[in-house]
Amino acid sequence: MAENGAAEAPVETPQIKMNVVNQFIRDLSFENILAQKGVQGEVTPDVNVQVNLDAKKRSAEHQYEVAIKLAVTSVNKTNTAEKLFLMEVDYVGIFNIEGVPEDQLHPFLLIECPRLLFPFLRRIVSDVTRDGGFPPLNLETIDFMALYRQELMRRQADEGKKLDA
């Protein structure tokens, strides 16, 4: 109740609307180095996955493009200079998003949108590695919130270095 006895109007939280308009592979590359070179002896793979995210506004109202870029490198544990395969994939989702406050849009695009795309990307990576002659690579779930926080801390550290210079 307000001081004058009138009931306060409830604070309306904006209704968030999000739907995936489209999703697609923008770029995909897989190179089976093991088959090309014919590596001899015992092969024990060690897989390294690098993840980059990108988001941008599209010309259509309320539409955003979010890309997950993976670079997967597999090397032989017994000789880390010996590459087994290389894979790069750029997977994109087009989202229609309404009702997200402007100050929360950036984290929403780089956390929630990739979270929706990831199962499809995981399947692509698994299928391509299997079809490329290796056991299917089943990616671990990626913590996009942790990635976002790491990127914020990296940017703040970079800004601090620029100010010190």
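The residues of the chain are indexed from 1 along the displayed sequence. Since this is a predicted model, take the numbers as computed values, not measurements.
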Residues E151, R155; criterion salt bridge (charged side-chain N to carboxylate O under 4.0 Å, His left out); working and verdict:
CA-CA 6 Å; E151 180 61 16; R155 287 183 183 191; 3.0 Å; yes
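- When atom types are taken as modelled, the side chain of T129 and the backbone of L137 share a donor-acceptor pair closer than 3.5 angstrom.
- Counted within 6.0 Å of OH on Y148, heavy atoms from surrounding residues, nucleotides or ligands total more than 12; the atom is thus considered enclosed.
- Linking ILVMFWY residues whenever their side-chain heavy atoms come closer than 4.5 Å, directly or via other members, leaves V92 and V66 in distinct clusters.
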Output, in order, the C-alpha distance, side-chain angles, deciding distance and verdict of side chain to side chain contact (heavy atoms under 4.5 Å, CB included) for N32 and F30.
CA-CA 7 Å; N32 185 337; F30 182 84; 4.0 Å; yes
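- Under the 3.5 Å distance criterion, the side-chain polar atoms of D90 are left unmatched by any main-chain donor or acceptor of D27.
- From E98, atom CD reaches atom CE of M18 across 12.5 Å, with rounding to the nearest 0.5 Å.
- Residues E88 and L70 have side chains not in contact (no heavy-atom distance under 4.5 Å, counting atoms from C-beta outward).
- Checked against the 6.0 Å centroid criterion, the rings of F85 and F134 qualify as a close aromatic pair.
- Taken from CD1 in I16 to CD1 in I97, the straight-line distance is 9.5 Å, to the nearest 0.5 Å.
- Using a 4.5 Å heavy-atom cutoff, the side chains of V49 and V51 are in contact.
- Evaluated for a side-chain contact (heavy atoms from CB on, under 4.5 Å) with P114, the options L121, I142, I68, L147 yield exactly one hit, I68.
- Within the 4.5 Å cutoff, the side chain of L28 has heavy atoms near those of the M87 side chain.
- Under the 4.5 Å side-chain heavy-atom criterion for grouping Ile, Leu, Val, Met, Phe, Trp and Tyr, L53 is connected to F118 within one hydrophobic cluster.
- Interatomic distance, CZ of R26 versus OH of Y91, reported as 12.5 Å (0.5 Å rounding).
- For the pair Q23/L117, a side-chain contact is recorded, criterion being any heavy-atom separation below 4.5 Å from C-beta on.
- Separation of the F95 and H62 ring centroids does not fall under the 6.0 Å cut-off.
- One distance of note links CG of N138 with CZ of R122; it measures 7.5 Å at 0.5 Å rounding.
- Annotation: the span from K56 atom NZ to Y64 atom OH amounts to 14.0 Å, rounded to 0.5 Å.
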Chi angles and distances behind the salt bridge (charged side-chain N to carboxylate O under 4.0 Å, His left out) call for D127, R130
CA-CA 5 Å; D127 288 350; R130 184 198 66 230; 3.3 Å; yes
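- A continuous path of hydrophobic side-chain contacts links V20 to I124 [ILVMFWY only; heavy atoms under 4.5 Å].
- Note that CD of E82 and CG of N76 are 4.5 Å apart. Values are rounded to the nearest 0.5 Å.
- With a 4.5 Å cut-off on side-chain heavy atoms, E112 and F108 count as touching.
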